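None of these values were measured; they are calculated from a predicted model.
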Amino acid sequence: MTKLNINRRRFLGTAAVGAATLASPAYLRRASASGGEVNIWTYNDFVPEAFKKQFEADTGIKVNIRLVDDQGKQFNLLAAEAPNPTVDIMTVAGHRFLQFIDSDLLAPLDTGRLSNWGNINPTFSESDWSTINGHKWGAPILSGMEVLAYNTELVTPEEARSWDVLFSEKYKGQTAYIIQDMMSIIMLKMGYDGNMVAYLDDPEKAAAIVEEAKAFLIEKKPLVRKYYDSGAEVQQMFINQDIALGHSWNGPAAALINDGFPLAMTIPQEGSYGFVYTYNIANNAPNSDNAYIFLDAILASPEIGASMTKASGFISTYKDASNYLTDLEKKSTSFSDDELENLQFFRAEANEMKYGLVDPAVEAIKAA
């Protein structure tokens with residue numbers, strides 16, 4: 001097996017991207033006398049560094065970024081600060097909207113203030129999940145999915161066709177996954193609705209399904225090397241060759257592939273889930289005007305969408321963004337038709353019941 005000589009720090013920092021064009025007179029006119037700041041909670045690499053620097057230079061608005069790695073932690077932090085949050089913009093996954101909306105933590109998005117709203121592919125901007133109670137709640141920026149990522153020097157494509165390989169004795173101590181995400185995948189693998197929408201009228205069955213998935217992951221706990229939280233963490237484990245395969249979001253896996261690491265990813269035959277990340281404005285945001293200026297700027301061109309994909313590895317929601325990707329970058333952000341047939345999107349209708357059951361199960365698995 002070849003030991004690659006890779007600069008490990010590169011995978012933990014923000015990927016270098018070329019400066020994206022921000023030519024958008026509408027946002028510059030509004031920003032001309034603005035200044036001040038905008039506070040953003042988001043994932044690593046979701047605001048490309050080149051864009052951030054140019055936006056600050058063009059507008060005089062200082063961009064303060066606080067990195068997050070978990071939707072639940074972000075919700076708890078925002079709820080603790082309500083009704084006077086310190087954040088203006090946060091990154092919420094579409095399937096978690098209801099939790100934030102029902103707790104009055106998000107402000108409805110006024111798309112009329114975004115001259116560049118039309119740059120988003122309507123598949124995302126006008127989809128059913130994006131409109132709740134007659135309002136838009138976020139600007140879709142990147143889409144992703146839960147994948148099985150594997151070192152191609154250690155694991156074969158045939159083995160990776162099923163999630164079973166993640167729980168095989170052959171790779172004992174060489175696997176990693178996010179427990180909460182795996183709960184949905186395991187329920188799907190067992191033939192159940194991992195979104196739990198099908199059990200809204202049968203909470204007893206929902207509880208039994210979660211218990212079955214929890215028992216499975218407790219039984220398989222001796223096989224896993226680590227339960228992890230962030231994309232950077234799983235990247236580092238692959239680079240160190242601490243793991244041969246693992247559950248991953250497609251973004252961190254794509255970033256490794258684009259840098260030449262011998263990694264591949266797939267949507268196994270039992271299926272998996274997709275999701276869409278959005279930029280949302282906090283209810284009572286302290287700098288809401290600057291938040292809209294920032295959103296309009298980051299939606300300004302497909303080059304910016306491409307730079308976000310280059311930095312994060314997730315798939316851009318911007319029209320024509322793929323025109324600004326290399327062939328390798330396009331390959332690392334696409335899947336075969338057969339794989340995509342196995343993909344479902346996370347849904348929010350049963351989230352209160354689902355996470356009321358899943359969150360305690362996750363803690364039980366950790367403690368087992």
Side-chain angles (χ1 to χ4, degrees), residues 13-68 85-92 106-121 124-125 136-142 251 277-282 284-326 329:
T14 301
V17 296
T21 301
L22 294 185
S24 178
Y27 98 75
L28 284 176
R29 282 197 299 271
R30 292 200 304 276
S32 59
S34 181
E37 62 182 5
V38 61
N39 302 310
I40 302 172
W41 295 352
T42 192
Y43 289 87
N44 192 35
D45 294 341
F46 275 28
V47 178
E49 187 62 25
F51 168 83
K52 176 178 178 289
K53 289 180 179 178
Q54 188 175 346
F55 175 82
E56 290 178 329
D58 287 347
T59 66
I61 298 172
K62 187 175 185 299
V63 179
N64 304 311
I65 295 177
R66 177 174 181 168
L67 295 181
V68 298
T86 60
V87 66
D88 301 298
I89 297 172
M90 70 213 69
T91 307
V92 180
L106 299 183
L109 191 66
D110 183 358
T111 59
R113 298 181 66 180
L114 300 174
S115 62
N116 294 313
W117 179 258
N119 291 340
I120 305 172
N121 188 318
F124 300 102
S125 63
K136 301 288 186 186
W137 295 91
I141 51 167
L142 293 163
Y277 285 118
T278 66
Y279 275 144
N280 311 77
I281 295 180
N284 298 322
N287 306 287
S288 61
D289 287 342
N290 285 350
Y292 274 98
I293 293 169
F294 177 90
L295 288 183
D296 207 29
I298 207 164
L299 296 175
S301 70
E303 292 97 327
I304 297 174
S307 72
M308 293 168 75
T309 289
K310 289 171 183 286
S312 70
F314 288 105
I315 301 168
S316 177
T317 61
Y318 293 32
K319 295 175 182 175
D320 301 322
S322 63
N323 293 343
Y324 300 92
L325 301 177
T326 67
E329 288 163 346

Does the Asp296 side chain pair with the main chain of Ser115, one donor and one acceptor, at a distance under 3.5 Å? yes
ring-ring contact (aromatic ring centres under 6.0 Å, His included) filter on Trp117, not counting sequence neighbours, yields none
Okay, side chain of Asn119, backbone of Tyr318: is any donor-acceptor separation there less than 3.5 Å? no
How about Ile141 and Phe124: do any of their side-chain heavy atoms sit closer than 4.5 Å? no
What's the separation between atom CG in Leu114 and atom CD1 in Ile298, rounded to the nearest 0.5 Å? 12.0 Å
Just checking Phe46 against Tyr279, ring centres under 6.0 Å apart? no
Do Tyr292 and Leu109 come close enough that some side-chain heavy atom pair is under 4.5 Å? yes
Nearest 0.5 Å, what's the OG1-CG distance between Thr111 and Leu295? 11.5 Å
So Lys52 and Ile65, do their side chains get closer than 4.5 Å, heavy atoms only? yes
Would a 4.5 Å heavy-atom cut-off, applied to side chains only, mark Thr309 and Glu329 as touching? no
Answer yes or no: is there a donor N or O on one side and an acceptor on the other, between the side chain of Ser316 and the main chain of Leu142, under 3.5 Å? no
Report the distance from atom NZ of Lys62 to atom CG of Asn287, rounding to the nearest 0.5 Å. 12.0 Å
Quick check: do Thr91 and Val68 have side-chain heavy atoms less than 4.5 Å from each other? no
Please name the pair of heavy atoms, one in Met90 and one in Leu106, separated by the smallest distance, quoted to 0.1 Å. SD-CD2, 3.8 Å
To the closest 0.5 Å, what do you measure between CD (Glu303) and CG (Leu325)? 11.0 Å
Just wondering, do Asp45 and Phe314 contact through their side chains at under 4.5 Å, heavy atoms? no
Main-chain N/O of Asn280 paired with Thr278 side-chain donor or acceptor, under 3.5 Å: no
Can you find a pair of side-chain heavy atoms, one from Tyr324 and one from Ile304, that are under 4.5 Å apart? no
Any pair with a residue in residues 316-326 that passes salt bridge (charged side-chain N to carboxylate O under 4.0 Å, His left out), sequence neighbours left out, goes on the list, sorted by first then second residue, please. none
Tightest non-hydrogen contact, residues Ala285 and Ile281, listed as CB-CG2, 4.1 Å
Roughly how far, to the nearest 0.5 Å, is CG of Leu67 from CG of Asn44? 5.5 Å
Checking Asp289 now: which residues fulfil salt bridge (Lys or Arg N to Asp or Glu O under 4.0 Å) with it, not counting sequence neighbours? Arg113
Got Pro140 and Tyr277 here, is their nearest side-chain heavy-atom distance under 4.5 Å? no
Quick check on the 6.0 Å ring-centre criterion: do Phe294 and Phe51 meet it? yes
Using modelled atom types and a 3.5 Å cut-off, is there a donor and acceptor pairing between side-chain atoms of Asn39 and backbone atoms of Asp88? no
Measure from the side-chain N and O atoms of Lys136 to the backbone N and O of Ser125, and report whether any donor-acceptor pair falls under 3.5 Å. yes
Minimum heavy-atom separation for Glu56 and Ile61, please, with both atom names. CG-O, 3.2 Å
